[in-house]
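Both counts, for ligands and for their atoms, begin at 1 and track the order of listing.
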Amino acid sequence: MTDNGHQRPGLFVTFEGLDGSGKTTQAALLAQRLRAQGWDVAETAEPGGTRLGAAIRALLLETDGAPVSPTAEMLLFFAARAQNVDEIIVPALQAGKAVVCDRFSDSSLAYQGAGRELGESVVLDLDRIACRGLLPDLTILLDIEPEVGLRRASGGPVLDRMHGESAGFHRRVRDAYLRLAEREPRRFRVIAAAGSIAEVGARVWEAAAAELAARVHRV
Ligand SMILES: Nc1ncnc2c1ncn2[C@@H]1O[C@H](COP(=O)(O)OP(=O)(O)O)[C@@H](O)[C@H]1O
Ligand SMILES: [Mg+2]
């Protein structure tokens, strides 16, 4: 993935991080704050942000413990992503809207590339097909200790299929996220996910406000 240099309109923000890091909570808060600033905001999520994506998500949750091939899983996530890109994200950006997306391609790099050890290059190949160079303007990585995230998330309504994975899996995912952030410091902001929802929300808004201010200067 390469930096798109802001050649297109709109604002594309993605949230990344382990389960329970607060992505869904903070994505909704950021959308609210952007609306308060006058932005028209489209909120979406992966894999379930479209009708097809919701069906793919249900498929992945419905295997009754039957093993899912890591490659099949990766392709299903990218099928959901391609639908999200074509149906929601690109049209909204072309209309000048802000898009706030709960997980995007960095999730595949971290979970399938590193967690499932499929490697980065196959994930990047699929990203080129599904996203065709579309890259977030800002990626908020909510960084959390895996144990803390899993404890938070298991109190939630949905038991995610990644919850049953080993500690090593979650450590690989977290480390991969941090490496991605180091590699693309302009796009990523690593935000400590510890603290109250309001405290984390203030850190997220600070990062978003800085990006908005920088864009004004770049125009
Ligand atoms: N900063 C926080 N402190 C404590 N609990 C939180 C915080 N942020 C979110 N939660 C709660 O933790 C659970 C997981 O949060 P969620 O936003 O769904 O995380 P994710 O989407 O990253 O899995 C939810 O029940 C949510 O209300
Ligand atoms: Mg969530």
Report yes or no: does Gly20 have a heavy atom closer than 4.0 Å to ligand 1?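 Yes, that is the case, since the closest heavy atom of the residue is under 4.0 Å from the ligand.
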
Closer than 4.0 angstrom: is that true for some heavy atom of Leu18 and an atom of ligand 1? yes

What do you reckon, does [X] have a nitrogen or oxygen under 3.5 Å from a nitrogen or oxygen of ligand 1?
X      : answer
Gln26  : no
Ala153 : no
Val200 : no

Show your reasoning for whether salt bridge (Lys or Arg N to Asp or Glu O under 4.0 Å) applies to Arg186 and Asp137. CA-CA 9 Å; Arg186 221 206 56 70; Asp137 299 303; 5.9 Å; no

Please examine the side chains of Asp106 and Phe188, heavy atoms only from C-beta on, and report whether any two atoms are closer than 4.5 Å. yes

Do you see an N/O/S atom of Thr25, backbone or side chain, under 2.8 Å from the Mg ion (ligand 2)? no

Polar side chain donor-acceptor pair, [X] to [Y], under 3.5 angstrom:
X      : Y      : value
Glu46  : Ser107 : no
Ser105 : Asp127 : yes
Tyr111 : Arg172 : no
Ser108 : Arg81  : yes

Heavy atom to atom 2 (C) of ligand 1, shortest distance: which of Arg152, Glu16, Lys23 holds it?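 The residue whose heavy atom sits nearest atom 2 (C) of ligand 1 is Arg152.
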
Check whether more than 12 heavy atoms from other residues, nucleotides or ligands sit under 6.0 Å from atom CZ of Arg171, and answer yes or no.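 Counting other residues, nucleotides and ligands, CZ of Arg171 stays at 12 neighbours or fewer.
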
Between Ala194 and ligand 1, which part of the residue brings a heavy atom under 4.0 Å of the ligand: side chain, backbone, both or neither? neither

Close-contact set for ligand 1 against Thr25 heavy atoms, below 4.0 Å: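 Taking each heavy atom of Thr25 in turn, ligand 1 has 9 (C), 15 (O), 16 (P), 17 (O), 26 (C) under 4.0 Å.
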
Taking only heavy atoms of Gly195 into account, list the atoms of ligand 1 that are under 4.0 Å away from them. 1 (N), 2 (C), 3 (N)

